[in-house]
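Start at 1 with the first residue, then count along the sequence.
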Amino acid sequence: MALAQQVRPADDTSARTGLSGYGSRAFDSVPDAKTAGELLRGIDAAQCRFFPAAVQPPLVLYGGGDLGRLARDYCCGLGIEVAALVDRNAERLRQDAFWQGLPVFAPDEVARDLKATAQLAVCVATAPFLTLAETLARDGWGNVVPFYDVAESLRAVHPLSNGWFVGAFSPQDMEETARVLSGWEDDVSRAHHLQFIAWRRLREEWTFEDAPVRGGDRFFIPEIMAHIGGVRMFVDGGSYDGRVTDRFLANTESNDAHVVAIEPDLENAAAHRQGLSAKPDDMSGRVTILNEALDATKRERLFHDGLGYASQLSQTGNRLLRTATIDGLNLSPDFLKLHLEGGELDALKGGMETINRCRPIIAATIYHNDDGIWRTPSWLMSELRGYRFLMRLHSWCGTGAVVYALPEELQ
């Protein structure tokens with residue numbers, strides 16, 4: 001049987017009452033290039049029922065992990081009142097100083113009238129949204145939305161950009177996206193690319209049985225780990241508080257591997273330095289932290305800091321700085337990781353001399369703006385010679401998307 005016939009929706013529940021038109025489709029195998037093109041055309045022909053979800057008080061957050069903490073800081077920064085937090089680990093979170101002053105409930109502790117009237121913003125990206133949302137709806141919650149869809153309605157005043165959606169495709173969009181789908185090395189990449197597009201274009205949650213979303217190996221997928229021992233310089237672009245740097249050092253067996261961590265947000269960089277101070281000298285001495293914002297060229301731009309891992313170059317910024325380029329830093333990376341809240345393509349353009357000279361492994365996030373649909377992977381596929389390209393999704397709601405480029409000589 002041809003793969004085009006094997007790749008079929010096992011379940012199609014795109015008409016979801018009470019969930020604002022969000023939908024889902026499950027496929028029993030991954031698509032080849034031809035089938036991926038057919039599925040892309042189906043996405044393009046479908047009607048988008050999505051729109052950003054404006055804040056509707058009382059606003060309740062669901063999930064007290066990293067995203068929940070970001071959501072509370074986000075709301076506080078914009079003067080949006082949060083009525084409560086709901087989390088299965090409510091007892092533990094009530095003891096967390098971060099959540100002091102806010103009612104924290106376990107799911108079975110929430111009053112029925114609050115469920116009926118509140119807007120519940122789901123702050124969980126480690127599991128499918130629709131599965132969770134349907135459970136919450138059955139439990140009595142009347143208005144369940146992804147937090148990022150709420151944040152999308154406030155982009156004019158805050159740069160958090162993970163809730164974007166892409167409109168109808170132009171002929172160029174279709175041509176370039178189809179070319180990228182054909183250019184991936186494996187069918188898992190094609191499946192994850194389509195899953196990413198379906199959410200961004202239609203707010204449909206697609207799943208492929210043979211292409212699970214794996215959150216624990218972001219930036220360190222097996223294809224990378226096979227070569228991690230040969231990395232002598234890891235450039236951690238957008239290093240936040242150093243958690244990816246720590247993972248690299250834990251994963252490499254080389255004692256002479258060095259990390260250059262690049263983080264423009266001063267609070268984030270300070271947190272990274274503080275964390276390093278608690279580590280043994282033979283580990284902390286292998287990390288250099290640079291307070292630079294990577295860009296295509298050196299120029300003055302506004303930077304919006306104080307947003308934790310969402311700090312970024314933005315017109316809403318509160319600090320004017322001069323950007324840097326990868327080429328201007330005179331580095332020799334074996335592994336270049338970029339997580340720049342939408343600035344990845346510019347950073348890559350500012351690093352072509354370095355990339356051509358060093359031929360590093362590249363891992364770049366592509367989910368912060370619509371460059372990820374085709375512009376960033378297309379640019380990499382056009383500009384890099386002798387590389388193979390993979391795409392992986394590491395979380396849900398169209399987030400956690402990473403393009404990986406590996407030099408063919410590492411095979």
Original post:
Is any side-chain N of the basic residue among Glu175 and Arg179 closer than 4.0 Å to the acidic one's carboxylate O?
Top reply: no
**OP:** Return the minimal non-hydrogen interatomic distance between Ala347 and Leu338, and the atom names on each side.
**Re:** CB-CD1, 4.2 Å
Subject >> Trp164 and Asp370 side chains, donor-acceptor separation under 3.5 Å >> reply: no
Original post:
Can you find a pair of side-chain heavy atoms, one from Leu329 and one from Glu292, that are under 4.5 Å apart?
Top reply: yes
Original post:
Is any side-chain heavy atom of Cys48 less than 4.5 Å from a side-chain heavy atom of Arg203?
Top reply: no
**OP:** Please examine the side chains of Ser311 and Tyr240, heavy atoms only from C-beta on, and report whether any two atoms are closer than 4.5 Å.
**Re:** no
Original post:
Just wondering, more than 12 heavy atoms not from Gln100 lying within 6.0 Å of its CD?
Top reply: yes
Subject >> Phe208 side chain near Val213 side chain, heavy-atom distance below 4.5 Å >> reply: no
Original post:
Would you say the side-chain atoms of Thr376 and Glu344 include a donor-acceptor pair closer than 3.5 Å?
Top reply: no
Original post:
Cut-off 3.5 Å, side chains only: do Arg357 and Ser332 have a donor facing an acceptor?
Top reply: yes
**OP:** Salt-bridge test for Arg359 and Asp334: reply yes if a basic N is under 4.0 Å from a carboxylate O, no otherwise.
**Re:** no
Original post:
Between the main-chain N or O of Thr297 and the side-chain N or O of Thr323, is there a donor-acceptor pair closer than 3.5 Å?
Top reply: yes
Subject >> Contact summary for Ala261 and His272, nearest pair of heavy atoms >> reply: CB-CE1, 3.6 Å
Original post:
Going from CG on Leu39 to NZ on Lys34, what distance comes out if it is rounded to the nearest 0.5 angstrom?
Top reply: 10.5 Å
**OP:** Give a yes or no answer on whether the side chain of Thr399 reaches the backbone of Trp396 with a donor-acceptor pair at less than 3.5 Å.
**Re:** yes
Original post:
Between atom CG of Leu406 and atom OH of Tyr387, what is the distance when rounded to the nearest 0.5 Å?
Top reply: 8.5 Å
**OP:** State plainly whether the residues Arg69 and Asp96 are in salt-bridge range, i.e. N to O under 4.0 Å.
**Re:** yes
Original post:
With distance as the sole test, does Arg247 use its side chain to make a donor-acceptor pair with the main-chain N or O of Arg218 at under 3.5 Å?
Top reply: yes
**OP:** For the pair Arg299 and Asp295, find out whether any cationic side-chain nitrogen is under 4.0 Å from an anionic carboxylate oxygen.
**Re:** yes
**OP:** Look at the side chain of Ser395 and the backbone N and O of Gly400, then say whether any donor-acceptor pair between them is shorter than 3.5 Å.
**Re:** yes
**OP:** With rounding to the nearest 0.5 Å, note down the distance linking CG in Asp256 to CE in Met233.
**Re:** 11.5 Å
Subject >> Check: Val60 and Val82 side chains under 4.5 Å, non-hydrogen atoms >> reply: no
Original post:
What distance do Ile80 atom CD1 and Tyr74 atom OH have between them, rounded to the nearest 0.5 Å?
Top reply: 5.5 Å
**OP:** Report the C-alpha distance between His258 and Arg232 in whole Å, list the side-chain angles of each, state the deciding distance to 0.1 Å, and finish with yes or no for side-chain contact (heavy atoms from CB on, under 4.5 Å).
**Re:** CA-CA 6 Å; His258 187 79; Arg232 293 296 175 265; over 6 Å; no
**OP:** Spell out, as yes or no, whether a donor-acceptor pair under 3.5 Å connects the side chain of Asp149 to the backbone of Val145.
**Re:** no
Subject >> Check: Asp236 and Ile262 side chains under 4.5 Å, non-hydrogen atoms >> reply: no
Subject >> Over all atoms of both residues, closest heavy-atom pair of Gly23 and Leu130 >> reply: O-CD1, 2.8 Å
**OP:** Determine the minimum heavy-atom distance between Leu61 and Ala71, stating which atoms define it.
**Re:** CD1-CB, 4.0 Å
Subject >> CG-CG distance between Asn356 and Leu384, expressed to the nearest 0.5 angstrom >> reply: 7.0 Å
Original post:
Are any non-hydrogen side-chain atoms of Gln56 and Asn143 less than 4.5 angstrom apart?
Top reply: yes
Original post:
Which of these, Thr245, Asp241, Leu290, Asn268, sits in a side chain to side chain contact (heavy atoms under 4.5 Å, CB included) with Glu263?
Top reply: Asn268
Original post:
Short question: side chain of Lys115, backbone of Asp139 - any donor-acceptor pair under 3.5 Å?
Top reply: yes
Original post:
What is the minimum heavy-atom distance between Ile228 and Asn251, and which atoms define it?
Top reply: CG2-O, 3.8 Å
**OP:** Taking Asp87 for its side chain and Gly64 for its backbone only, find out whether a donor-acceptor pair lies under 3.5 Å.
**Re:** yes
Subject >> Heavy-atom donor-acceptor pair, His192 side chain to Leu393 backbone, under 3.5 Å >> reply: yes
Subject >> Test item: Arg200 side-chain N/O and Gly398 main-chain N/O as donor-acceptor pair under 3.5 Å >> reply: yes
Subject >> Heavy atoms from other residues, nucleotides or ligands near CD of Gln411 exceed 12 (cutoff 6.0 Å) >> reply: yes
Original post:
Stepwise, does the side-chain contact (heavy atoms from CB on, under 4.5 Å) test hold for Trp206 with Leu194?
Top reply: CA-CA 8 Å; Trp206 287 18; Leu194 288 166; 4.2 Å; yes
Subject >> For Trp99 against Gly68, the heavy-atom pair lying closest together >> reply: CH2-O, 3.4 Å
**OP:** Take Phe129 and Trp199 through the test side-chain contact (heavy atoms from CB on, under 4.5 Å) and record every step on the way to the result.
**Re:** CA-CA 11 Å; Phe129 167 74; Trp199 181 267; 4.0 Å; yes
**OP:** Indicate yes or no: does Arg388 engage Glu185 in a salt bridge with an N to O separation below 4.0 Å.
**Re:** yes
Original post:
Between Asn318 and His304, do the side chains contain an N or O donor and an N or O acceptor separated by less than 3.5 Å?
Top reply: no
**OP:** For Ile224 and Phe219, run side-chain contact (heavy atoms from CB on, under 4.5 Å): C-alpha distance rounded to whole Å, both residues' side-chain angles, the deciding distance at 0.1 Å, then the answer.
**Re:** CA-CA 8 Å; Ile224 301 292; Phe219 305 124; over 6 Å; no
**OP:** Run the numbers on Asp327 and Thr354 for side-chain hydrogen bond (donor to acceptor under 3.5 Å, both in side chains), then give the verdict.
**Re:** CA-CA 6 Å; Asp327 287 343; Thr354 300; 2.7 Å; yes
Original post:
Does CD belonging to Glu409 count more than 12 external heavy atoms closer than 6.0 Å?
Top reply: yes
Original post:
Does a donor on one side chain and an acceptor on the other come within less than 3.5 Å for His339 and Tyr367?
Top reply: yes
Original post:
Does any non-hydrogen side-chain atom of Leu348 lie less than 4.5 Å from one of Leu380?
Top reply: yes
**OP:** Indicate whether any N or O donor in one side chain lies under 3.5 Å from an N or O acceptor in the other, for Ser161 and Arg155.
**Re:** no
Original post:
Do Ser189 side-chain atoms and Met391 backbone N/O form a donor-acceptor pair below 3.5 Å?
Top reply: yes
Original post:
How long is the span from the CD1 atom in Ile355 to the CD atom in Glu383, to the nearest 0.5 Å?
Top reply: 9.5 Å
Original post:
Salt bridge check: are Arg190 and Asp187 linked by an N-O gap of less than 4.0 Å?
Top reply: yes
Original post:
Do the ring planes of Phe248 and Phe335 sit parallel (below 30°), tilted (30 to 60°) or perpendicular (above 60°)?
Top reply: perpendicular
